[in-house]
Amino acid sequence: MRRKLVVANWKMHGNLASNQQLLEAYIKQLSSFKNTDVAVCVPYPYLAQAQSMLQHTNIAWGAQNMSKDAEGAFTGEVSASMLRDFGATHVIIGHSERATAYCESDENIASKFMQAKTHGLTPIFCVGETLIEREAGVMQMVVSKQLEAILNTHGAAVFANAVVSYEPIWAIGTGLAASGEQAQSMHEFIRGNIAKLDNAAANSLKILYGGSVNPQNAVQLFAMPDIDGGLIGRCSLNAQEFEGICRVSA
Ligand code: 13P
């Protein structure tokens, strides 16, 4: 039985004062949740703040991106070991907002995934199709190509205890979440692709759903057998709503 995981993706929001309030509310409201794991992925400058506020709580923290390289002359980049220095345990890899705005290739994303694993971070690897791709009926082809970038070079075993987040691009920030059935069908497809190569890895893999999750639609989504939790954008900026989502998964 996989434990559910709910991850807040704050994106580029917050400041020291507002983060303090939000994290205090998270700590207060989420401390009693024993059956679900919770993590918050903050902008880099606030990792120290997350570490100092969350270190003795049941809430883990992490980042929203990371370098594909271990060290070196890469101005502006942040390495996996730097994240580890601040106690980070999770890192989002290949979020579509980055893949489109910063032209991240599948190969770069695969390298980041491996860097995270090598340094003991749990990668949260985002996959998902555009609306045009869904309407053209090629969403499974798109997602399997995204998975293959890792599978073809590194095999399926690397997915053991990793996290994949299915985030249909048309559902992100639009208020239009995938239905439970749409999401379940893709999650089953993703797990099946890994299971063909490594059944144990597929069973341990958590597959989150992301895209306009709120406390209401989480009920249907989180009831699906292959949906192991959520990656939450907008609603994670409101402690009440985030708690509502975590409560559904608890
Ligand atoms: P929203 O929850 O705001 O749609 O964002 C989802 C997302 O991009 C999580 O990574």
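Everything numeric here is computed off the predicted structure, so don't read it as measured data.
Here SG of Cys235 is found 4.5 Å from CD1 of Ile245. Values are rounded to the nearest 0.5 Å. The distance from atom CG of Leu83 to atom CG of Asn65, rounded to the nearest 0.5 Å, is 9.0 Å. With values rounded to the nearest 0.5 angstrom, Ile172 atom CD1 is found 5.5 Å from Lys11 atom NZ. Atoms CZ and NZ, on Arg98 and Lys112 in that order, are 5.0 Å from each other to the nearest 0.5 Å. One finds the CG atom of Leu5 at 9.5 Å from the SG atom of Cys246 (value rounded to the nearest 0.5 Å). Expressed to the nearest 0.5 Å, how far CG of Asn58 lies from OG of Ser31 amounts to 6.5 Å.
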Inset, instruction - I would like to know whether Lys145 and Asp106 meet side-chain contact (heavy atoms from CB on, under 4.5 Å); could you show each step before the answer? - result: CA-CA 9 Å; Lys145 185 172 167 292; Asp106 284 352; 3.3 Å; yes
Inset, instruction - For Lys206 and Asn161, run side chain to side chain donor-acceptor pair (under 3.5 Å): C-alpha distance rounded to whole Å, both residues' side-chain angles, the deciding distance at 0.1 Å, then the answer. - result: CA-CA 7 Å; Lys206 286 190 216 277; Asn161 300 310; over 6 Å; no
Legend entry - side chain to side chain donor-acceptor pair (under 3.5 Å) assessment of Ser67 paired with Ser79: CA-CA 5 Å; Ser67 172; Ser79 71; over 6 Å; no
Inset, instruction - I would like to know whether Glu133 and Thr130 meet side chain to side chain donor-acceptor pair (under 3.5 Å); could you show each step before the answer? - result: CA-CA 5 Å; Glu133 289 162 342; Thr130 63; 3.2 Å; yes
Inset, instruction - Apply side chain to side chain donor-acceptor pair (under 3.5 Å) to Trp170 and Glu129, showing your working. - result: CA-CA 8 Å; Trp170 48 270; Glu129 79 286 355; 2.9 Å; yes
Inset, instruction - Just do the side-chain contact (heavy atoms from CB on, under 4.5 Å) check on Gln220 and Glu181 with the steps written out, would you? - result: CA-CA 9 Å; Gln220 195 205 24; Glu181 289 75 19; 3.4 Å; yes
Inset, instruction - Would you check, one step at a time, whether the test side-chain contact (heavy atoms from CB on, under 4.5 Å) holds for His187 with Met224? - result: CA-CA 9 Å; His187 283 223; Met224 295 291 161; over 6 Å; no
Inset, instruction - Before giving the answer on side-chain contact (heavy atoms from CB on, under 4.5 Å), spell out for Val91 and Ile124 the whole-Å C-alpha distance, their side-chain angles and the decisive distance to 0.1 Å. - result: CA-CA 6 Å; Val91 59; Ile124 303 173; over 6 Å; no
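Shown here is Arg234, whose CZ atom has no more than 12 heavy atoms of other residues, nucleotides or ligands within 6.0 Å. Around atom CD1 of Ile132, no more than 12 heavy atoms belonging to other residues, nucleotides or ligands sit under 6.0 Å away. Enclosure of atom CD in Glu71 is not indicated, since only 12 or fewer non-hydrogen atoms of other residues, nucleotides or ligands lie within 6.0 angstrom. Residue Gln55 qualifies as enclosed at atom CD: its count of foreign heavy atoms under 6.0 Å is above 12.
Ion pairing between Glu24 and Lys28 fails under the 4.0 Å rule for side-chain N and carboxylate O. Residues Lys68 and Glu77 are not paired through a salt bridge, judged by the lack of any N-O separation under 4.0 Å between the basic side chain and the carboxylate. For Asp37 and Lys4, the salt-bridge test fails: no basic side-chain N is under 4.0 Å from an acidic carboxylate O.
Qualifying ring pair (Phe, Tyr, Trp, His ring centres under 6.0 Å) partners for Tyr26, counting only residues two or more places apart in sequence or in other chains: Phe242. By the ring pair (Phe, Tyr, Trp, His ring centres under 6.0 Å) test, Phe125 pairs with Phe113, sequence neighbours left out.
Between the His154 side chain and the Ile150 main chain, no donor and acceptor come within less than 3.5 Å of each other. Side-chain atoms of Arg84 never come within 3.5 Å of backbone atoms of Leu121 as a donor-acceptor pair (strictly under, hydrogens ignored). Side-chain N or O atoms of Asn203 include none that pairs as donor or acceptor with a backbone N or O of Ala200 at under 3.5 Å. In this structure a side-chain-to-backbone donor-acceptor pair under 3.5 Å is missing from Tyr44 to Tyr46. In terms of modelled atom types and a separation under 3.5 Å, the side chain of Glu188 and the main chain of Ser185 share no donor-acceptor contact. Thr118 places a side-chain N or O within donor-acceptor distance of the main-chain N or O of Met114, the cut-off being under 3.5 Å. With Ser212 contributing its side chain and Gly175 its backbone, the two residues share a donor-acceptor pair below 3.5 Å.
Residues Phe189 and Met139 are not in side-chain contact: their nearest non-hydrogen atoms beyond the backbone lie 4.5 Å or more apart. Residues Glu167 and Leu231 meet the side-chain proximity criterion, which asks for heavy atoms closer than 4.5 Å. Two residues are said to be in side-chain contact when any heavy atoms from C-beta on lie closer than 4.5 Å; Thr122 and Thr89 fail this criterion. By the 4.5 Å heavy-atom criterion applied to side chains, Val164 and Ile194 are not counted as neighbours. Between Val42 and Asn19 the shortest side-chain heavy-atom distance does not fall below 4.5 Å. Taking 4.5 Å as the limit, every side-chain heavy atom of Tyr209 sits out of range of all side-chain heavy atoms of Ser165.
The only member of Leu54, Asn9, Ile232 that meets side chain to side chain contact (heavy atoms under 4.5 Å, CB included) when paired with Val40 is Leu54. Each of Ile227, Val143, Asp226 was checked for a side chain to side chain contact (heavy atoms under 4.5 Å, CB included) with Met186, and the lone residue meeting it is Val143.
Side-chain atoms of Gln64 and His95 include no donor-acceptor pair closer than 3.5 Å. When only modelled atom types and interatomic distance are considered, Ser111 and Asn108 share no side-chain donor-acceptor pair under 3.5 Å.
A continuous path of Ile, Leu, Val, Met, Phe, Trp and Tyr side chains, each step under 4.5 Å between heavy atoms, connects Ile59 with Leu22, placing both in one hydrophobic cluster. Side-chain heavy atoms closer than 4.5 Å link hydrophobic residues (I, L, V, M, F, W, Y) into clusters, and following such links, even through other members, never connects Ile207 to Ile92. Each of Leu208 and Tyr166 belongs to its own hydrophobic cluster when Ile, Leu, Val, Met, Phe, Trp and Tyr are linked at side-chain heavy-atom distances under 4.5 angstrom. Placement of Leu205 and Leu197 within a single hydrophobic cluster is found when ILVMFWY residues are connected by side-chain heavy-atom separations under 4.5 Å, directly or transitively. Under a hydrophobic clustering in which Ile, Leu, Val, Met, Phe, Trp and Tyr are joined whenever their side-chain heavy atoms come within less than 4.5 Å, directly or via other members, Met66 and Val163 fall into different clusters.
The two atoms that bring Leu151 and Ala156 nearest to each other are CD2-CA, 3.6 Å, heavy atoms only. Across all their heavy atoms, Pro215 and Gly244 have their closest contact at CB-C, 4.0 Å. The nearest pair of heavy atoms linking His13 to Pro43 is O-CG, 3.9 Å. Scanning all heavy atoms of the two residues, the minimum distance from Ala171 to Ala178 falls at CB-N, 4.2 Å. Pairing each heavy atom of Gln49 with each of Gln20, the nearest pair is NE2-N, 3.6 Å. Residues Pro123 and Ile93 share a closest heavy-atom pair of CB-CG1, 4.0 Å.
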